[in-house]
Asks: 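Can you read through this structure? Questions will come right after.
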Amino acid sequence: MATNNSNVTLTGLARRFVEDGLLDEATAKDAFIQASQNRIPLITYLVQNDLANSSGLAFSAAMEFGVSVLDLSSFLPEMMPEKVVDEKLVRKHNALPLYKRGNRLFIAVSDPTNIQALDEIKFNTGLSTDAILVDDAKLRAAIDKYLESQDSTMGDLDDADLEGVETEGGEQDDDAVVAATDVDDAPIVKYVNKMLLDAIRGGASDVHFEPYEKTYRVRYRTDGILKEISRPSIKLAPKISARIKIMAQLDISERRVPQDGRIKMKLSKTKAIDFRVNTLPTLWGEKIVLRILDPSQAKMGIDALGYEEEQKKLYMDALEQPQGMILVTGPTGSGKTVSLYTGLNILNTTERNISTAEDPAEINLEGVNQVNVNNRVGLGFAEALRAFLRQDPDIIMVGEIRDLETANIAIKAAQTGHLVLSTLHTNSAAETLTRMMNMGVPAFNIATSVSLIIAQRLGRRLCNSCKQAADIPKDVLLAEGFTQEQIDTGFTLYRPKGCDKCNGGYKGRVGIYEVVKITDELASMIMEEASSIKIAKQAQAEGFPNLRQSALKKVIEGVTSLEEANRVTKD
């Protein structure tokens, strides 16, 4: 920190923390100054900036003031009084109402010196207030859960004239009629809204609403793994389906064919989340899957995606080229879209004309001309590309190269002064090249147009709060693919444990990449129509680590576990 703390005299809690060995004096002085300037409690500042352990601070403060510490993890949420204290006050003072006895309200706080919080809550509620000391980290987590339970609505949904939806016509049974007339029932609206909001707050990527013969379930895909969240009554299935379809502006009377739609959720004046909605007629009703599309993912920056430094440099260098083709490959849900949009966001300046053809456009980017392909009206990828080339383009992004016609137009664009980005569904960089050959693209065109290939997967990150060291025999490590040099150098492997801050020992995901630059040697092999095995060996020889090697490096770095590396990369 750049603050001048030479004139600060430590008193009260700051002095206590130094005496208890939680902070050194210089750090305590700087924290005291910064907390005062930011007008937040000292304890909150220390915890938010990872300067001290939150539980240690709580016990030290308890000793200073002669009070006990309550473990919030053992406190029953059902005891908390509903809507007694305004949400703004709870957030402002980091103070949680725990329980009410007569005219007395007991408030959980992490800073016992925060008298202003008690006074303001007392004035607002008309109740006498008593403070109970708790761990700051647990308090903030408890406040989030408390406020979620108090308000399960989504906020301002952009439903666009729901009254105008037609519910008559076509073939429909009694259940469909009931669903169409009851979709605005408060319990159904509230339930669907809560499911979507909880999915966002829980970091889910997809929400599945699934009807069966006698049951109905809702599942979230979080960190790549599906988990059952709720089992509403099967009788509610038509109503839930109709409500979601109305929100997505779909035809609720049509239940025989799949439909695609979109929902926009406004979480605040500055943040909105889109849901891509697809319905599918199944044996027992419509299954609906919603993909959560967060525009902020494209603006996280390349450093947040998990590229190794060498891989990041290769990608950035390719983005700086005036022409050529960058291909991102991997299975569905491997993060290809985020990688492409991150690149587009870097390129998105007023000096460049950027156009994209997608099926459909998942993330909206201001300044980028995005086109949804629509084969029913004759607007496919190939037709969109031809139009782009008449629109004075600098950069073109094709959602996916699916056929020879699209591939040929994209390659010609890359050869004539345009930078082209696209995806393919293949398992590795080498297989991407042979896949294009199998499509019928001439080898010479591939060798002279493709400049970089990124194959990727998404692996779950280990939770830093609970991961445990794992003792694995050396012979097992060698069999898994670690080199003798890596083993001799020494490293610690970790395994998941699970705590209240994560999902079974994992929290979030990280990209695992194979980034291959098309060198002169590789280009020669492509023109000779070498097999994917030979191309992969040459890429290895030139120092481009494959997916397995990149995954094992993440294991060595403690970012993920060996089990997770095996799940996403082992053959």
Side-chain angles (χ1 to χ4, degrees), residues 223-224 300-319 326-340 342-343 423-433 450-462 467 470 472 476-487 489-496 506-519 522 532-533 535-571:
D223 296 337
M300 290 190 303
I302 194 169
D303 291 325
L305 299 186
Y307 286 94
E308 302 296 338
E309 280 303 315
E310 302 84 358
Q311 296 175 333
K312 171 185 165 185
K313 186 178 186 305
L314 288 171
Y315 190 18
M316 294 297 291
D317 288 347
L319 289 172
I326 300 172
L327 295 173
V328 182
T329 180
T332 301
S334 60
K336 299 188 300 295
T337 300
V338 173
S339 283
L340 282 178
T342 300
T423 71
L424 274 88
H425 285 280
T426 57
N427 291 323
S428 67
E431 289 177 36
T432 301
L433 296 168
V450 178
S451 55
L452 190 77
I453 304 175
I454 301 172
Q456 68 179 79
R457 302 290 187 274
L458 284 179
R460 291 178 291 172
R461 286 181 183 270
L462 281 167
K467 65 182 182 182
I472 301 176
V476 175
L477 295 179
L478 287 170
E480 290 288 353
F482 293 97
T483 65
Q484 186 64 52
E485 182 182 355
Q486 289 172 329
I487 295 172
T489 303
F491 55 85
T492 302
L493 270 67
Y494 294 92
R495 65 170 183 238
Y506 297 97
K507 187 175 183 180
R509 289 194 285 179
V510 64
I512 297 169
Y513 303 95
E514 176 188 16
V515 182
V516 177
K517 177 183 177 181
I518 304 302
T519 61
L522 287 171
S532 61
I533 296 174
I535 292 173
K537 285 182 178 178
Q538 179 62 31
Q540 289 274 293
E542 295 191 33
F544 302 119
N546 60 26
L547 282 167
R548 180 63 179 171
Q549 292 167 336
S550 296
L552 293 181
K553 188 169 184 181
K554 291 286 192 295
V555 174
I556 292 172
E557 293 168 351
V559 174
T560 191
S561 66
L562 182 57
E563 296 91 338
E564 184 65 7
N566 287 339
R567 185 182 73 85
V568 297
T569 65
K570 197 165 186 179
D571 295 332

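Positions are given from 1, in the same order as the sequence printed here.
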Asks: Donor-acceptor check, side chain of Q456 to backbone of G330, threshold 3.5 angstrom: yes or no?
Replies: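 Between the backbone of G330 and the side chain of Q456 there is no qualifying donor-acceptor contact (under 3.5 Å).
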Asks: Could you tell me whether the side chain of T342 and the main chain of I302 form a donor-acceptor pair under 3.5 Å?
Replies: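 Checked: no pair found.
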Asks: So does D303 pair up with K312, basic N to acidic O under 4.0 Å?
Replies: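 Looking at D303 and K312, the cut-off is met.
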Asks: Counting distance only, does the side-chain N/O of K553 pair as donor-acceptor with the main-chain N or O of P545 below 3.5 Å?
Replies: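 The answer is no, because no donor-acceptor pair under 3.5 Å joins these two groups.
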Asks: Examine distances only and state if a side-chain atom of Q549 and a backbone atom of N546 form a donor-acceptor pair shorter than 3.5 Å.
Replies: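 Pair found, side chain donor or acceptor close to backbone of N546.
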Asks: Mark yes or no for whether S550, through its side chain, and Y513, through its backbone, hold a donor-acceptor pair below 3.5 Å.
Replies: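 Here the side-chain-to-backbone pair exists.
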Asks: Could you go step by step and tell me if E564 and R567 meet the salt bridge (Lys or Arg N to Asp or Glu O under 4.0 Å) rule?
Replies: CA-CA 5 Å; E564 184 65 7; R567 185 182 73 85; 2.7 Å; yes
Asks: Which value, rounded to the nearest 0.5 Å, describes the distance between L327 atom CG and L424 atom CG?
Replies: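 The CG atom of L424 is 6.0 Å from CG of L327, to the nearest 0.5 Å.
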Asks: What closest approach, in Å, do T483 and L478 show between heavy atoms, and which atom pair accounts for it?
Replies: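 It is C-CD2, 4.3 Å.
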Asks: Kindly indicate whether the side chain of T489, heavy atoms from C-beta on, has any atom under 4.5 Å from the side chain of I556.
Replies: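 SC-SC contact between T489 and I556 ruled out.
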Asks: Testing the basics here: between A429 and V516, what is the closest heavy-atom pair and its distance to 0.1 Å?
Replies: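 For A429 versus V516, the nearest heavy atoms are CB-CG2, 3.7 Å.
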Asks: Would you name the heavy atoms of L452 and A318 that are closest together and state the gap between them?
Replies: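 Looks like CD2-CB, 3.8 Å.
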Asks: For the residue pair I512 and L547, what are the closest heavy atoms and their distance?
Replies: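 Closest heavy-atom pair between I512 and L547: O-CD2, 3.4 Å.
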Asks: About how many Å separate OG of S428 and CD1 of I535, when rounded to the nearest 0.5 Å?
Replies: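 Nearest 0.5 Å value for the CD1-OG distance: 9.5 Å.
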Asks: What do the steps show when you test L433 against S532 for side-chain contact (heavy atoms from CB on, under 4.5 Å), and what is the final call?
Replies: CA-CA 7 Å; L433 296 168; S532 61; over 6 Å; no
Asks: Should the pair K554-E308 be classified as a salt bridge under the 4.0 Å nitrogen-to-oxygen rule?
Replies: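 Looking at K554 and E308, the cut-off is met.
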Asks: Measuring from E514:CD to T569:OG1, what's the distance to the nearest 0.5 Å?
Replies: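 Taking CD in E514 and OG1 in T569, the distance rounds to 11.5 Å.
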Asks: Any non-hydrogen side-chain atom of L562 less than 4.5 Å from a side-chain atom of L552?
Replies: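 The answer is yes; the side chains approach within 4.5 Å.
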Asks: Whether the side chain of E563 engages the backbone of R495 through a donor-acceptor N/O pair (distance < 3.5 Å, no angle test) should be reported.
Replies: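 Such a contact is absent between E563 side chain and R495 backbone.
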Asks: Using a strict threshold of under 4.0 Å (side-chain N to carboxylate O), is an ion pair present between R548 and E480?
Replies: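 Yes, this pair counts.
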Asks: So, do F544 and K517 sit near enough that their side-chain heavy atoms are less than 4.5 Å apart?
Replies: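 Counting from C-beta outward, F544 and K517 do come under 4.5 Å.
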Asks: Would you say the side chain of S561 lies within less than 4.5 Å of the side chain of L493, judging by non-hydrogen atoms?
Replies: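 With C-beta onward as the side chain, the pair stays apart.
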Asks: Looking at side-chain heavy atoms only, is the closest gap between F482 and I472 below 4.5 Å?
Replies: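 No, side chains not in contact.
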Asks: In the structure I gave you, are the side-chain heavy atoms of K336 and H425 within less than 4.5 Å of one another anywhere?
Replies: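 The answer is yes; the side chains approach within 4.5 Å.
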Asks: Has T560 got a side-chain atom pairing as donor or acceptor with R460's backbone, closer than 3.5 angstrom?
Replies: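 Between the backbone of R460 and the side chain of T560 there is a qualifying donor-acceptor contact (under 3.5 Å).
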Asks: Aromatic rings Y315 and Y307: how do their planes relate, parallel, tilted or perpendicular, breaks at 30° and 60°?
Replies: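 If you compare the ring of Y315 with that of Y307, the planes turn out tilted.
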Asks: Please check if atom CD1 in I487 has more than 12 non-hydrogen atoms from other residues, nucleotides or ligands closer than 6.0 Å.
Replies: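 Counting neighbours around CD1 of I487, more than 12 heavy atoms of other residues, nucleotides or ligands fall under 6.0 Å, so yes.
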Asks: In the structure I gave you, are the side-chain heavy atoms of V568 and L458 within less than 4.5 Å of one another anywhere?
Replies: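 No, every pair of side-chain atoms sits at 4.5 Å or beyond.
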Asks: What pair of heavy atoms forms the shortest contact from L462 to P496, and how long is it?
Replies: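 Where L462 meets P496 most closely, the heavy atoms are CD2-N, 3.7 Å.
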Asks: Would you say R457 and P331 make side-chain contact, with heavy atoms under 4.5 Å?
Replies: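 In contact.
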Asks: How long is the straight-line distance from CD1 of I453 back to CD1 of I518, given to the nearest 0.5 Å?
Replies: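 The CD1 atom of I518 sits 4.0 Å away from the CD1 atom of I453.
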